Structure formats: C-alpha cells, structure tokens
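Working notes, beginning with the structure itself.
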Amino acid sequence: MTGSEALYERGRRLMPGGVNSPVRAFGAVGGRPFFVSRGEGARIWDEDGRSYLDFLGSWGPLILGHAPAPVVEAVGEAIRRGTSFGAPTAREVELAELISRAIPSVEMVRLVSSGTEAAMSAIRLARGATGRDAIIKFEGCYHGHADSLLVKAGSGGATFSIPDSLGVPSALASLTLTLPFNDLAAVRRTLETRDGKIAAVIVEPVAGNMGVVPPTRGFLQGLRDLTRHHGALLIFDEVITGFRVAYGGAQSFYGVSPDLTCLGKIIGGGLPVGAYGGRRDLMEHVAPLGKVYQAGTLSGNPLTVTAGLATLRALADPTVYRRLEAMGAKLQAGVEAAAREAGVLLTVNRVGSMLTPFFAAGPVTDFESAKRSNTSRYAKFFQGMLARGVFFAPSQFEAAFVSLAHSEADIDSAGAAAREVFRAL
Ligand code: KE4
C-alpha cells in the first residue's frame, strides 16, 4: 500500500471516514482521499510525492497560498514566546483594530475558534438582543454545524425547517425558517406574516456553499431594508467572503452594511479561527459586559492572531484585489473556453477569486438551479483534473479559490488540463 492508502486504512479505523471533516472524504466525487504531506505557494504534495496545483486553498483561508513567508516568519517568532495563555494579549487588540478599520460596521468584535462558533454565537446574540426566537436562513447556504443551522426547508410550502442531521431536535429546527436564496418576495412575505417574531436573517452575501452563487441585484439591499423595517437583525456570514472578495468583505463590495458579521478562514491565516462582531449596542450584550454568554479556551489564540495579522497586513495592498480579480477571470475564461471547445454544458459563477464550474445550463441563481447540475460529470471533471495534477473542490456544491501564489502559468496549466478533461467527458 502507498503512503496515502496506508494512512487511509489506519485513519479510517480511528476517525469516522478517516477524516476530521466529512467533505474531505471525497464522498461526492468518489475515490479515496489523498493525504497531504506539505504545501508551498500554489502547490500541495501528497504522501506519495505527487504534487497538485491547489485551487481549494484549505476551503478559503489560504489567500496568500501555502506557507507564505510573512506568516511563517511571524508564527515562527511568536511560538517561541508560548502558544496560549488564557489571558488577553496585545495582538488580539491589534487584530480587533484591523478588522474594525477594514469593516466599519464591525464596531466591536469577539474572536472565537471556528466559523461555526462565530455563526452560532451571532444567532444567540441576535436572539438575546431582540428577545425573539425565530431566524431566517437560505437553502444552500451553510453557516457551520450548530444545531439551529443544520436544517433544511420543510415539506410543502411551509417554510418551517426540519433537521438536516440526526441529533437536531425538531423543536429547535422549527425555529429556523428556510427560504430560497435571492427570493426577496419570500423574505418579505415571511417577515410580514411573522412580524415581531424574527430575531435575524442570516445570509452568505455571496453564497459559497451551494457552489458560488452571487446575490441578484437589489437582494442584499432588500434584506437590509426589510429587516430594518421589521426590527430583525441582518447577519452577513462572511466566513468565506471576508477579505476574500474585497478587503472590506462582501459588505464593502456590494455597499450594504449588516448589523452583525461572521468572519473566519482568512482572518486566521490558516490557523483555527472565527469572529463575530457588529454594532456596539448589540455586542455590549455579550458576556462579560452583558447577559449573552459565549466563551472559548483558545479564543484569540496568540498563534492564530499572529498568522491572521500577517495575512491581513499583506492584503492591505490595494493592488492585491485587482490581481485576484484578474487571475479569477483568467481561470474562468480558461475553463469556459475548454468547455465550449468540447461542447460541454457549463456555467461558471464567479466573484473575484472564488468560483464554481456548474455542469448545468444555467443561470445558477439559487439552490434549486444549482441542484440541476450534473454532479456525476462534476465528479469526472474533479478526478480528471486531479489525475493531471490540479486539485479542485471535491464537490460540485463548493467553491474553488485562486490565491496570490498562483501564477499566470499555473492558471494556463489548469486551463490546459480542463481542455483534456472536457474532451474525455
Ligand atoms: P468552520 O466551523 O468550518 O470554521 O466554518 C463554518 C462555516 C461558516 N460559514 C461559512 C460561509 C462557511 O463556508 C463555513 C465552512 N465552510 C466549509 C466548506 N465550504 C468548510 C469545509 C469543511 O466543512 O470541512
């Protein structure tokens, strides 16, 4: 057995599916996962010495690529001073100041250790601050695995949700209303019929978890206006889009300010992180100031914060997002040209350096249209690209990411691989 195969056999005996997060098991694309030995720049190497151009980037955090010098040097220096203190440190203050300057709607912020914790805590805060229990989310949007958010649309026209996992009490799931993404009329109807009952609307301002689906014109501003009119809070889950689509996140890209924002991924530079923040009057409800409890042993961890600061400081250069846009557009053009040449039905949705090739006629504007994709063709695309040394997301309903470490030649290589793969589909 090879390196990855042997590790998989050992791992699956001790960890469910041999992985520590389900999507890594390649369930949606078939085959067995390879085990990574190292990453450098735009590439990763597996335990059998094969290398891949990496367009997953650890699901979003690695906007600078793997082991970027600023992060390696900063964390290498910080670790010699200790790994965790359970007491406040200067760099947590610096990161909070940087986030608030970059995202002005975040007047106060709490650092946590995952995007799940960020979204779960933002929901609890919204319920605590408004005294209301119900929340609205959108089909196809994912906000981590907290019980209230692991739900799916109920049957029939009812928008009350049902659990989307064993172990989620239906009583809790029914407090989450699930609506179609980009459907402002459904939001208006729900807020009107349940006026005074909705604590918050939580949304990925650019959906990444049904594949990339941008907001239609007016959708985000409509959510802003409707929630304000009905006394519900607007929560932008920017765990993916924060510092990805713009230095100020999707809220600066689209010019719509939420009441609360969830962050993660990029702000930790690849180390475990999450954050939630927003209006000061809301955040002052959070313990120890207020009565909404949330805590964490490793929240604001010194190494995470050091990696995050090094990453965000590198992104402060305004030319960065022009380069990410240009490279994202180049990858989209390469994949689209390959599909056209081979007569393969493909719709690529992209915002900046996050994109998804849907094997569907399109347009893909919500989860229903995303689900019309030919997922077995996506699986063949994924495996074909992998065999040619190009690593895309192991699911049709995820995003691919371009980093600052990707060169034009890397993007051309991906396009060439796509041409071969599409011809063989
Ligand atoms: P984490 O708990 O995985 O750090 O963050 C949860 C989360 C919250 N909000 C959004 C918009 C997210 O995309 C995520 C996590 N994203 C998934 C994949 N898109 C992480 C990959 C995984 O689950 O292993």
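These numbers were taken from a predicted model, which means no experiment stands behind them. Ligands are counted one by one from 1 in listed order, and the atoms in each one are counted from 1 as well.
When each of Asp225, Leu191, Ile198 is tested with His230 by the rule side-chain contact (heavy atoms from CB on, under 4.5 Å), just one qualifies, namely Leu191. Considering Phe382, Trp59, Tyr52, Phe381 in turn, Phe381 is the only one that fulfils the ring-ring contact (aromatic ring centres under 6.0 Å, His included) rule with Phe392.
The pair Lys371-Glu368 meets the salt-bridge criterion, with a side-chain N (NZ, NE, NH1 or NH2) lying under 4.0 Å from an Asp/Glu carboxylate O. The pair Arg10-Glu5 fails the salt-bridge criterion, with no side-chain N (NZ, NE, NH1 or NH2) lying under 4.0 Å from an Asp/Glu carboxylate O. Residues Arg323 and Glu325 are not paired through a salt bridge, judged by the lack of any N-O separation under 4.0 Å between the basic side chain and the carboxylate.
Using a 4.0 Å heavy-atom criterion, the residues that approach ligand 1 are Ser21, Val23, Trp59, Ser114, Gly115, Thr116, Tyr142, His143, Gly144, Glu204, Asn209, Asp237, Val239, Ile240, Lys265, Glu398.
Side chains of Glu238 and Thr241: a donor on one and an acceptor on the other come within 3.5 Å.
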